[in-house]
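Count residues from 1 along the sequence. Both ligands and their constituent atoms are indexed starting at 1 by order of listing. Because the structure is predicted, anything quoted here is derived from the model rather than measured.
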Amino acid sequence: MITVQGKGVSAGVGMGPLYFYQRAKTTVTRYTVTDAEAEWARFKAAQATAIEQLGALAEKARADAGDEAAMLFETHQMMAEDLDYEEAIEGLIKEEKQNAEAAVDDTAAQFAEMFAAMDDSYMQARAADVKDVSRRILGILSGTVEGGIASEVPVLLAADDLAPSETVQLDKSKILGFITAGGSGSSHTAILARTMGIPAIVGVGDQLKPEYEGRFVIADGGTGAVIIDPDDDTRARMEKKREEQLRLQRLLETLKGQENITRDGKTIRIYCNIGSPEDVHAVLTNDGGGIGLFRSEFLYLNSADYPTEDEQFEAYKKVLSDMGDREVIIRTCDIGADKQIDYFDLPKEENPAMGLRALRISLTRPDFFRTQLRALYRASAYGHLGIMFPMVTSVWEVREAKKMCEAVKAELKKEGIPYSDHVQVGIMIETPAAAVMSDRLAYEVDFFSCGTNDLTQYTLACDRQNNDLGRFYDPHHPAVLRLLKMVADNAHRAGIWMGICGELGADLELTETFLAIGVDELSVTPRSVLPLRNAVRMTDTRESAQRILDELAADHHRI
Ligand code: PEP
Ligand code: MG
């Protein structure tokens, strides 16, 4: 038994014979042309065919993996007719007298290199896309047929890397999983694998040797482990894991498009937490009702300097437009404590968790705050936006933050820049002070979202970063649950909604409690949406609500 480790990018266990992907080799012939116009026409004809083929692939992807996968090929269509790309090829053919194949090959290499050199990992992954589109055009020019699987039985497919078009063209019934030497979690192949529900592992490097071909292999897309020639115990254990996952997955799949409704007809919104625009696909795949927490600080963490207003605007706009009319709540920058960034030049603190962090930074650096708010309000014209402030303790902080929002809106209006008048403004309740003052705070904002990770830390005086605290850090503690109940009651008294966006929201042991308390929204990682929906649909609050509330009041709840 040999185990090699990669990065799991699409969960699930695949087991079967290993097969190396056969790629049709396109050798690029190079020669000087005399009739450049005729050569240009030859390229244009191949380009038109490629665009047509990509249209057909988009339809296949739509049927196999949904709209998002189809969009990928529509993007490839755009790439194939991109003006810069076309002009570069035209220059090589008409000025350098290169043949079409050489011109496409050189341009592809140049564009791929340019994408690969970009800082943003999403843009880096686009290098594979431009190569993919160009390979298609080259194939058409040289009359090469596409590669594929020559196996009759389903296999675990290994490759150095797989282009998205190769992935979608494969016969899905023959694929038990993907294992690639290169690739990243944000590559389109990984995205497609997740959308099609096929286990996938990337980045195994050269650990998969050609002599493993045909041997029995297990790929665990959750852990990233690839096991070659597993022993009987491992095989039995993994078979059990796979069956369990398949059973659960089948059940959960039937819940897509269904309501989050209890047996007695109570509904609750289930939204998602995300950290970057690329996470939206997971929200949509898992049928999240909206985004309850976009941790905007990840834009700052992924950047070498403060992201500009335009950079932020583009990121927010992308999330809002991709989410269509579903609600998107973006939290303003929550830096400090465990999330430190050098270029912020924050003073060294004895107790960073209780220091200058989150909204405290925004209020002490008005220009920094203003830049983010301008980007947010500009993006609000493209979807259904809510803005929320982290780490609130006092009413005056909220009033000052709202004043900044008003000032930014007035600026945009004066500049003739569109923004939505329907942006909800809310706060995170993640300090005991905010929970205790929630009766007053509720009249200042449109919603509350409880950050139970921090609320537990501050209420129980227990560092959330310190693993040694073990059971002392207990989000089920009645002090935390009582605060949540108090916040929900105060919110409802003032006519606003209350949600939970900390990890606790996805804790199925507490779903009944949250329903009893009257929580309006739970925002969880995308993968938790369907299990949570399942739990909500199994609950009958007529049976549990009063008992849970009594226990909470009497302190019997896990005291
Ligand atoms: C929380 O504190 O519960 C929360 C959602 O915010 P973060 O985990 O980003 O601090
Ligand atoms: Mg927090």
- Task: Any atoms of ligand 1 less than 4.0 Å from a non-hydrogen atom of Cys501? List them with their elements.
- Result: 5 (C)

- One finds that the ligand 1 atoms under 4.0 Å from a non-hydrogen atom of Lys339 are 9 (O)

- For ligand 1, which atoms have a heavy atom of Glu430 less than 4.0 angstrom away? 1 (C), 2 (O), 6 (O)

- Task: Using the six-membered ring wherever Trp is involved, compare the ring planes of Trp497 and Phe447 and label them parallel, tilted or perpendicular (cut-offs 30° and 60°).
- Result: parallel

- Item | Side-chain heavy-atom pair Arg357, Asp334 within 4.5 angstrom cut-off | yes

- Under 6.0 Å from the six-membered ring centre of Phe298 and within 45° of its axis: does the NZ or CZ of Arg295 meet both? no

- Task: Could you list which atoms of ligand 1 come closer than 4.0 Å to a heavy atom of Asp454?
- Result: 1 (C), 2 (O), 3 (O), 10 (O)

- Determine whether the side chain, the backbone, both or neither of Arg464 has a heavy atom under 4.0 Å from any heavy atom of ligand 1. side chain

- With heavy atoms under 4.0 Å as the rule, classify the contact between Glu503 and ligand 1 as side chain, backbone, both or neither. neither

- Item | Polar proximity ligand 1 side, Thr452 side, N/O cut 3.5 Å exclusive | yes

- Query: Do Leu363 and Trp396 touch side chain to side chain, with heavy atoms closer than 4.5 Å?
  - Reply: yes

- Task: Measure the shortest side-chain to side-chain distance between Asp279 and Ser276 over non-hydrogen atoms and say whether it is less than 4.5 angstrom.
- Result: yes

- Message: Please work out, at 4.0 Å between heavy atoms, whether the side chain, the backbone, both, or neither of Met391 comes within that distance of ligand 1.
- Response: neither

- Message: Show, in sequence, the C-alpha distance, side-chain angles and deciding distance for Arg493 and Asn490, and conclude whether the side chain to side chain donor-acceptor pair (under 3.5 Å) test is met.
- Response: CA-CA 5 Å; Arg493 215 166 282 132; Asn490 285 332; 2.9 Å; yes

- Query: Can you tell me which residue and heavy atom of the protein come closest to atom 6 (O) of ligand 1, and the distance to 0.1 Å?
  - Reply: Arg331 NH1, 2.9 Å

- Query: Tell me, which protein residue and heavy-atom name are nearest atom 7 (P) of ligand 1, and how many Å apart are they?
  - Reply: Arg295 NH2, 3.5 Å

- Is ligand 1 under 4.0 Å from a heavy atom in the side chain of Leu293, in the backbone, in both, or in neither? side chain

